[in-house]
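Hydrogens, waters and symmetry mates play no part in the numbers below; they use all other heavy atoms, side chains included.
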Amino acid sequence: MRDYRYYQSAFAGVPKPFAFVDLDLLEENAEQICLQSNGKPVRIASKSIRSVAILKHVLQLDDCFRGLMCYSAPEVLHLCEAGFDDLLLGYPLWEKSWLLSIAFEIKNGRSITLMIDSLPHVEQLEQIARETGTRLPVCLDIDMSSDVLGLHFGVWRSPLRSLETSLSLANRVASSDHLYLDGVMGYEAQIAGVGDRYPRQFLKNSIIRLLKQYSVKEVAQRRATLVHAIRELGISLRFVNGGGTGSLHLTGKEDAVTEVTAGSGFFSPGLFDYFQDFSFHPAAGFALEIIRKPTPHIYTCAGGGYIASGSAGQDRLPKPYLPARAKLFRNEGAGEVQTPIHYQGMETLELGDPIFFRHAKAGELCERFTRLYCISGGKIIEEVTTYRGDGLCSL
């Protein structure tokens with residue numbers, strides 16, 4: 001467990017605000033992710049990291065890490081320029097200019113798989129394939145949400161909710177001269193992305209755990225049935241992808257799944273404090289500078305309003321991390337140009353000192369900073385760029 005003085009000493013003299021990655025803790029998280037994957041290869045969700053250098057670092061840590069799941073067309077092209085291969089688009093694309101650029105990368109030998117979930121996606125990609133004179137690999141994005149007594153437990157993502165519609169689209173791809181079915185993906189967001197250990201919410205936590213228990217079994221059965229049916233059609237799949245950091249330990253046990261995805265677990269952002277089944281080390285964060293001291297126990301920092309996406313709530317705010325017991329004010333939260341902190345502890349804080357925070361979600365941290373300070377053994381060993389630092393601003 002790191003303490004305030006560990007990071008204060010490591011970053012002495014660094015102008016604030018800044019973002020950082022603790023490589024020692026990141027590597028421990030990576031080891032745990034490998035163990036939880038049940039021997040399955042782990043595809044890295046690049047949206048949770050958003051730094052070419054950190055992605056390369058993770059990929060070389062262990063042979064279990066293979067390939068990336070990307071989130072936008074500009075990102076894919078950026079990663080191609082950086083030398084990455086085996087790229088899976090986690091979301092469908094529509095813009096023709098981006099699709100043409102990616103199709104040419106595929107034609108030139110790059111391994112990139114495009115996501116589809118409907119007939120219009122197929123028809124759009126067939127047109128692109130004809131124009132570029134290539135055959136494009138595609139992946140079916142299957143809806144993995146569960147219906148429990150009329151309750152939709154999951155996210156609104158793909159329209160492929162039944163075996164019949166999924167097989168129909170798979171058959172349509174198989175009959176195409178311009179596309180081929182490379183894989184199947186199903187992201188069980190209601191398991192991987194929903195916390196079940198929120199403080200003072202015993203009833204809600206209990207209900208979510210029960211829903212998860214039901215969904216785990218239902219999703220595994222549905223995925224196995226679909227994969228078997230697709231193979232019965234004579235279609236050979238290169239991969240069946242599932243999971244996220246929050247469901248690795250479960251999805252990795254499914255026989256139908258050939259690879260799992262993880263991203264947030266490498267950094268372990270604030271939202272990961274609310275999961276019962278696992279615990280990772282906080283390996284990334286940012287520091288703000290104390291610029292005011294309105295009362296003996298209130299310290300106002302410059303900036304800090306780095307709010308995470310998703311349903312608005314207290315859990316989407318950045319968390320004061322160190323010194324321990326530092327807290328946001330509920331009525332002010334994290335502000336656009338200043339963030340007040342209440343702290344009454346053992347450390348003596350002065351103007352100019354840092355307060356260390358964790359972002360609620362992993363990848364969005366790097367949308368606020370152009371560089372990451374990488375530390376190991378209590379010292380800065382490297383500065384690396386984020387996507388923003390590379391000039392990439394795509395989503």
With sequence neighbours excluded, residues passing side-chain contact (heavy atoms from CB on, under 4.5 Å) with Glu27: Leu23, His57, Leu61

Partners passing ring-ring contact (aromatic ring centres under 6.0 Å, His included) against His342 (at least two apart in sequence or in another chain): none

Of all pairs that satisfy salt bridge (charged side-chain N to carboxylate O under 4.0 Å, His left out), the ones with a partner from residues 179-190, not counting sequence neighbours: Asp182-Arg238, Glu188-Arg223

Mutual orientation of the aromatic rings belonging to Phe11 and Phe18 [parallel < 30°, tilted 30-60°, perpendicular > 60°]: tilted

Pairs meeting criterion salt bridge (charged side-chain N to carboxylate O under 4.0 Å, His left out) with involvement of residues 90-119, two or more places apart: Lys96-Glu131, Glu105-Arg110

All ring-ring contact (aromatic ring centres under 6.0 Å, His included) counterparts of His78, not counting sequence neighbours: Tyr387

Partner residues of Ser309 under the side-chain contact (heavy atoms from CB on, under 4.5 Å) criterion, sequence neighbours left out: Lys361, Glu364

Disulfide bond (SG atoms under 2.5 Å apart) partners of Cys64, counting only residues at least two apart: Cys34

Listed partners of Ala82 passing side-chain contact (heavy atoms from CB on, under 4.5 Å), at least two apart: Val52, Phe84

Residue pairs involving residues 295-332 (criterion ring-ring contact (aromatic ring centres under 6.0 Å, His included); sequence neighbours excluded): Phe286-Tyr306, Tyr306-Phe369

All ring-ring contact (aromatic ring centres under 6.0 Å, His included) counterparts of Phe266, not counting sequence neighbours: Phe65

Pairs involving residues 286-308, ordered by first then second residue, that meet salt bridge (charged side-chain N to carboxylate O under 4.0 Å, His left out) (sequence neighbours left out): none

Salt-bridge criterion met for Asp85 and Arg66 (N-O under 4.0 Å): no

All side-chain contact (heavy atoms from CB on, under 4.5 Å) counterparts of Pro120, not counting sequence neighbours: Trp94, Ser118

